[in-house]
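Let me begin by presenting the structure, written as structure tokens, before commenting on it.
Residue numbers count from 1 along this sequence.
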Amino acid sequence: MSLTSINADLLKTAFISGANNLSNNKEYINELNVFPVPDGDTGTNMTLTIMAAASEVEAISDLSMAKLSKAISSGSLRGARGNSGVILSQIFRGFCKDIKDKNELGLEDIASGFTRSVETAYKAVMKPKEGTILTVARGMAEKAVELLSTEDDIAEYVEKIIEYGEEVLAQTPEMLPVLKEAGVVDSGGQGLIEVVKGILKGLKGEAVGLIDGAPVQLARGAGVLDDIPKARPTYEMGSGKEDISTADIKFGYCTEFIILLDRELSNSEVEGIKEYLLSIGDSLVCVADDELVKIHVHTNHPGRAFEKGLEYGQLTRCKVDNMREEHSERVLIENEKRKAEEQEAAFKQIKAERSKAQPVVKKVHDEPPKKYGFVAIASGEGLVEIFTEVGVDYVIHGGQTMNPSTDDILSAINNVNAENVYILPNNKNIILAANQARSICEDKEIYVVETKSIPQGISAMLAYNEALEPEDNFQMMKEAFSEVKTGEVTFAIRDTSVDGKEIRKNNIMGITDDGIKAVGEKVHDVTLDVLAEMVDEDSGMISVYYGEDTTEEDAEKLRAELAEKFDDLEIDVRYGGQPIYYYILSVE
């Protein structure tokens with residue numbers, strides 16, 4: 001009988017079947033781990049990740065697709081361990097975000113979910129590597145889209161997606177030399193294949209149960225255990241080869257922990273954590289929600305990573321593995337000393353650069369210029385602090401009603417010791433002055449990133465990547481802010497009629513990129529109304545910056561109501577301190 005749709009009950013059964021299949025194969029997946037050996041227990045870590053989600057799935061009462069999606073997403077994030085486990089949780093998160101509003105899933109919904117899962121997973125990894133679970137996931141997503149025109153049965157559709165995923169998996173040794181050297185495929189990619197294989201069995205009424213341990217109960221009754229898949233890669237299994245060199249291990253300790261947050265962090269604070277950890281390590285995966293942050297990083301200084309986490313809350317599930325010791329008993333002491341010294345020097349350099357990232361006048365530059373510098377226009381103590389946090393060197397006090405002159409912008413440029421300077425006007429009325437300053441400046445390359453609002457400026461800064469060339473960075477920053485919707489809540493200074501709305505003096509107005517969208521008597525109500533206009537099905541986050549005339553109590557009240565009204569979105573509320581505007585809003 002052809003399977004043309006999947007309801008919540010069947011998806012629950014299929015998901016638990018996938019979890020069980022991964023668990024049954026976890027030791028095999030563990031054996032695929034090779035140099036470097038940060039996650040010598042990839043199969044175990046991925047199993048713990050998916051089983052945490054399975055537990056939340058089983059606890060659902062009054063099952064619906066929305067509740068199922070939330071349980072899978074939140075459960076896998078909270079239970080995630082290891083690099084591959086965190087990435088797996090993000091694959092689930094992206095898929096669930098795409099399907100949560102559906103009653104049943106068809107082929108197009110599955111393809112769309114696959115695509116979004118890959119997008120979400122890639123965003124979670126600071127420096128994605130090909131030849132990993134990400135590559136396998138992307139290949140399966142691409143095949144899911146390709147097959148839409150030729151398939152009509154979901155079970156056959158998923159089976160062909162798996163077949164292609166295995167083809168991609170078999171190619172991972174050609175993408176990562178260390179895999180080829182060890183004669184294995186990527187362990188995380190193999191784990192993902194086992195999950196989807198189990199899901200397919202669930203869809204076909206052959207749900208997989210657990211080989212050992214207490215089985216997770218299936219929605220349609222206890223599943224029948226099928227044979228462990230006999231197909232194995234043609235590569236020799238093994239956790240490593242004695243003759244594989246450890247010389248390429250730059251950071252010796254695989255460090256993992258969870259921060260139980262004292263408070264919800266803003267995007268800029270999360271980016272700050274990532275930036276710090278990358279200054280002392282690599283292979284970073286950092287995923288945050290409103291209650292916790294999960295960290296996986298390779299570093300020579302685990303203690304520093306832990307200390308950074310303690311700035312934001314309590315630590316739990318702390319784990320440190322010596323990758324060199326796991327790979328070989330030979331520890332290269334002299335090399336490690338040298339590498340530690342290099343990292344210490346890099347850390348001091350980053351600290352020094354950070355200390356310079358203040359909105360202060362500096363007329364004499366004794367040190368050589370750095371490659372990149374940033375100037376932003378903002379008004380409000382909190383906003384100045386935010387821009388400084390995300391890397392802006394000089395913040396000009398100004399904005400609406402306080403447009404800086406061309407000379408003000410030139411002065412700021414001259415006080416930034418950099419070869420390439422990016423200007424963030426953050427107001428459409430300042431763009432011309434910024435371009436004028438660019439045309440006058442002769443000793444530096446000036447890029448005017450034509451941001452028209454504070455949120456656009458912040459988004460542009462977060463898109464900056466020091467590894468890119470100047471023009472590439474410019475394009476990335478422009479692309480990032482173009483996707484940001486901005487809103488502002490202020491008061492009317494006179495009677496008027498705009499956009500078909502009658503406005504009286506002292507009315508509260510909610511203004512978006514498309515004009516005035518809400519008018520009323522109360523700031524709180526108008527803010528909710530304008531956000532309702534801004535949020536759509538593609539929205540993932542609301543950011544709120546409250547001004548100098550808004551109390552913290554009122555801002556917290558707004559946060560609570562937004563969290564209730566938009567419970568599937570991330571909510572970030574921070575003090576901006578801006579004049580004129582009770583709130584500056586953004587939706588992404």
For the [atom1] atom of [X] and the [atom2] atom of [Y], what is their distance to the nearest 0.5 Å?
X: M46; Y: L192; atom1: CE; atom2: CG; answer: 6.0 Å
X: H301; Y: K308; atom1: NE2; atom2: NZ; answer: 15.5 Å
X: S586; Y: F481; atom1: OG; atom2: CZ; answer: 14.0 Å

Where at least one partner belongs to residues 478-493, residue pairs that pass salt bridge (charged side-chain N to carboxylate O under 4.0 Å, His left out), sequence neighbours excluded: K485-D536
Intermediate values then yes/no, salt bridge (Lys or Arg N to Asp or Glu O under 4.0 Å), R138 and E119: CA-CA 9 Å; R138 191 182 72 239; E119 293 172 352; over 6 Å; no
Y583-Y545 aromatic ring centre distance below 6.0 Å: no
To check you understand the geometry: which heavy-atom pair defines the closest contact between [X] and [Y], and what is its length?
X: T550; Y: A555; value: CG2-N, 4.4 Å
X: Y394; Y: A412; value: CD2-CB, 3.5 Å
X: I454; Y: A378; value: CD1-CB, 3.8 Å
X: G113; Y: D98; value: N-OD2, 3.3 Å
X: L134; Y: A121; value: CD2-CB, 3.7 Å
X: F257; Y: A305; value: CZ-O, 3.3 Å

Does atom [atom1] of [X] have more than 12 heavy-atom neighbours, drawn from other residues, nucleotides or ligands, at distances under 6.0 Å?
X: E108; atom1: CD; answer: no
X: K102; atom1: NZ; answer: no
X: K67; atom1: NZ; answer: yes
X: Q314; atom1: CD; answer: no
X: K557; atom1: NZ; answer: no
X: E311; atom1: CD; answer: yes

Carboxylate-amine/guanidinium proximity below 4.0 Å for [X] and [Y]:
X: R93; Y: E570; value: yes
X: K517; Y: E533; value: no
X: E271; Y: K274; value: yes
X: R559; Y: E564; value: no

For [Y], is there any backbone N or O sitting under 3.5 Å from a side-chain donor or acceptor partner on [X]?
X: S117; Y: F114; answer: yes
X: S459; Y: P455; answer: no
X: T115; Y: A111; answer: yes
X: E58; Y: A54; answer: no
X: T512; Y: G487; answer: no

So, do [X] and [Y] sit near enough that their side-chain heavy atoms are less than 4.5 Å apart?
X: F374; Y: M477; answer: yes
X: I386; Y: I458; answer: yes
X: D554; Y: Y546; answer: no
X: I91; Y: F95; answer: no
X: L68; Y: L63; answer: yes
X: V293; Y: I258; answer: no
X: K370; Y: D393; answer: yes
X: L585; Y: V489; answer: yes

From CA spacing to verdict: ring-ring contact (aromatic ring centres under 6.0 Å, His included), Y422, Y464: CA-CA 10 Å; Y422 295 79; Y464 156 70; 7.1 Å; no
Per-pair distances, 0.1 Å, donor-acceptor, side chain in residues 519-532, under 3.5 Å, sequence neighbours excluded:
from: E521; atom 1: OE2; to: N507; atom 2: ND2; distance (Å): 3.2
from: H524; atom 1: NE2; to: E561; atom 2: OE1; distance (Å): 2.7
from: T527; atom 1: OG1; to: V523; atom 2: O; distance (Å): 2.7

Step-by-step side chain to side chain contact (heavy atoms under 4.5 Å, CB included) determination, E56 to I72: CA-CA 7 Å; E56 289 207 16; I72 294 172; over 6 Å; no
Parallel, tilted or perpendicular, as decided by the 30° and 60° cut-offs, for the rings of Y447 and F474: tilted
T451: which of N427, T486, N426 passes side-chain hydrogen bond (donor to acceptor under 3.5 Å, both in side chains): N426
